[in-house]
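Working notes for the structure below.
Numbers here are sequence positions counted from 1.
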Amino acid sequence: MFRYIVIEGPIGVGKTSLAGLLAREFNARMVVEEPEENPFLKQFYKDRKKYAFQTQLFFLLNRFQQQKEIAQLDLFNQVTVSDYLSQRPNLRLHQSR
């Protein structure tokens, strides 16, 4: 039986909604990305090149903290559903020329 379900995809496609449905169906713990917590996100949408690194780094550290907390819980005896995959593709940094 599975213990960790991940919904991955681009922003705004319904990952969190689907994760919520699955969490209810399987009586699972739900772990979601919290974009409103990211202080760089507004700036990122105004100037993506300038704030891409800070925005992604914040998300990465936030995911790490969430996963660390989950690891301390009884992960293997309860299903967990997440709306993000912890392992993201390589960060692409844009260099100013």
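- Taking each heavy atom of S82 and Y4 in turn, the nearest pair found is CB-OH, 3.8 Å.
- Counting heavy atoms from C-beta on, the side chains of V6 and Y84 never come closer than 4.5 Å.
- With rounding to the nearest 0.5 angstrom, the NZ atom of K46 is 11.5 Å from the CG atom of L41.
- Two different hydrophobic clusters hold V81 and L21 under the rule that ILVMFWY side chains link at heavy-atom gaps under 4.5 Å.
- Contact detail for V32 and M30: the closest heavy-atom pair is CG1-CE, 3.2 Å.
- Contact check for N38 versus N62: no side-chain heavy atoms found under the 4.5 Å cut-off.
- Distance check: L60 CG to F53 CZ gives 9.0 Å after rounding to the nearest 0.5 Å.
- Contact detail for E37 and F58: the closest heavy-atom pair is O-CZ, 3.2 Å.
- Under the 3.5 Å distance criterion, the side-chain polar atoms of K15 are left unmatched by any main-chain donor or acceptor of D83.
- Using modelled atom types, no side-chain atom of Q66 and backbone atom of V31 make a donor-acceptor pair closer than 3.5 Å.
- The pair E33-R63 meets the salt-bridge criterion, since a charged nitrogen lies less than 4.0 angstrom from a carboxylate oxygen.
- Once rounded to the nearest 0.5 Å, the distance linking CZ of F44 with NZ of K49 reads 12.0 Å.
- To the nearest 0.5 angstrom, L61 atom CG is 11.0 Å from K68 atom NZ.
- Between the side chains of Q56 and Y51, no donor N or O sits under 3.5 Å from an acceptor N or O.
- Considering CZ of F40 and OH of Y45, their distance stands at 15.0 Å, rounded to 0.5 Å.
- Residues N27 and V79 form no side-chain contact, since every pair of their non-hydrogen atoms from C-beta on lies 4.5 Å or further apart.
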